[in-house]
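Following: one structure in structure tokens, then a few remarks.
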Amino acid sequence: MAAKQFVALLFLTLVLIFVNASAIPSNRIKSLNIIKEVNRKGPYVGLITVYPPEENAFFASKAFKPDGKRPFVDLSGRRFRVGKVQGKKVIYVRCGVGMVNAAAATQQMLDMFDITGIVHFGIAGSVNNSMSIGDVTIPKQFAHTGIWDWLNPNGTLPANDIAELDFGSYNVPKGDGMNLLGKIGYSYEQFFSESGKPNTAIPLFWAQISERWLQLAAGLEGMELERCVNSSACLSRKPKLVVGLGGSTANIFVDNAAYRDFLYQTYAVSSVDMESFAVVMTSLSNGYPVIVIRGLSDLAGGQTGQNAIQTFGPLAARNAAQAVIKFIGYLS
């Protein structure tokens, strides 16, 4: 009887293995085999940017040298490019816009490749009047400012909410009538980590950039940055690179002066984007060092007239890419 049970169990196991294997698409099996080969040459620094103009600026620098044998591997719709920058082995991917894309691409890179840490870069809006278009910011921390408790006008915010935005206080004329949008309270992210207790989240509002990499980045301050998009579109002042400010992330493209001012006055953040917190939190959750380098492309609604991202976005992307390239050279 025992022998028959063993045979039956063995047969069932083989059937399950066959079913699971046949359920994996053939192109994914091919990709996994390439990844295995790529990882033999590791480890690598992971580079993550967001959308085509940022990618174009990075590749236009000619700093990225593709691997001669395996220049890329396609996985889950994304192309992970293998090569070197400043003689350092890197794997680069464009994640796509928004926090879900950013977190998914980061987790996939950390799970699938032999990575030492993540450098995330791209463009952002400025909400700090001391920071201008063309400047580059390397924040020390990021807040996820898109986790809201949205209440009726007479609602009571949870006691542990961090801040309140009352829509009625923005009525014009001020104080005239009731704003039915009510108010929102800003809440914490739930943070799970390798170093924490399993299946137990801790509240997290500020995700801190890795201290050692931030110290290395301080050496970038004073570097030369570009002023001109082309011969007819130049900034009036020389751009600067600043290390150690705060950044805000949410699935919102901010182009509103009132909300811009609210974010700066409430949280003292200097930049707004749609991905950085997700990349930082995912990296920290897995125990990897991470840094974010963003070029400022616009004033997030603080401008007169149209948003400047279409004009100066390419310049901001180039300045961020140049800072990334120089930072990679600092890594041992």
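In what follows, residues are counted from 1 in the order of the sequence shown. Values below: all heavy atoms of this structure, side chains included; hydrogens, waters and symmetry mates excluded.
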Task: Crowding at NZ, K140 (>12 non-hydrogen neighbours, <6.0 Å) - done: no
TODO: Tell me yes or no: between the side chains of D255 and Q303, is some donor less than 3.5 Å from an acceptor?
DONE: yes
- [ ] Could you pull out the closest heavy-atom pair between A320 and G295, with the gap in Å?
- [x] CB-N, 3.6 Å
Task: By ring-ring contact (aromatic ring centres under 6.0 Å, His included) - contacts of F121 (at least two apart) - done: F58
Task: Spatial distance of atom CG (L263) from atom OG1 (T145) [nearest 0.5 Å] - done: 5.5 Å
- [ ] Indicate the ring-plane relationship of F205 and Y267, choosing parallel, tilted or perpendicular according to the 30° and 60° boundaries.
- [x] tilted
TODO: Please list, chain by chain and in numerical order, all residues satisfying ring-ring contact (aromatic ring centres under 6.0 Å, His included) with Y288, sequence neighbours excluded.
DONE: none
TODO: Could I get the full list of salt bridge (charged side-chain N to carboxylate O under 4.0 Å, His left out) partners for R78, not counting sequence neighbours?
DONE: none
- [ ] Please identify each residue that fulfils side-chain contact (heavy atoms from CB on, under 4.5 Å) with P158, with sequence neighbours left out.
- [x] D149, N160, D161
TODO: Walk me through it: do Y44 and F113 pass the test ring pair (Phe, Tyr, Trp, His ring centres under 6.0 Å)?
DONE: CA-CA 8 Å; Y44 302 86; F113 296 94; 7.5 Å; no
- [ ] Mind jotting down which residue pairs meet the disulfide bond (SG atoms under 2.5 Å apart) criterion with at least one end in residues 207-281? Sequence neighbours excluded, please.
- [x] C228-C234
TODO: Check whether the ring centres of F262 and Y170 lie less than 6.0 Å apart, and answer yes or no.
DONE: no
Open item on the list: Does this structure show an ion pair linking E275 with R294, if we count only N-O contacts that are shorter than 4.0 Å?
Closed with: yes
Open item on the list: Is the shortest side-chain heavy-atom distance between Y186 and L165 below 4.5 Å?
Closed with: yes
Open item on the list: Could you tell me if the side chain of R94 sits less than 4.5 Å from the side chain of P52, heavy atoms only?
Closed with: yes
Open item on the list: Please enumerate all residues that pass ring-ring contact (aromatic ring centres under 6.0 Å, His included) together with Y330, with sequence neighbours excluded.
Closed with: none
Task: V127 and S248, any side-chain heavy atoms less than 4.5 Å apart - done: no
Task: Pairwise side-chain contact, M112 with V73, heavy-atom cut-off 4.5 Å (strictly under) - done: no
Open item on the list: Could you check whether any side-chain heavy atom of Y92 comes within less than 4.5 Å of a side-chain heavy atom of E55, counting everything from C-beta outward?
Closed with: yes
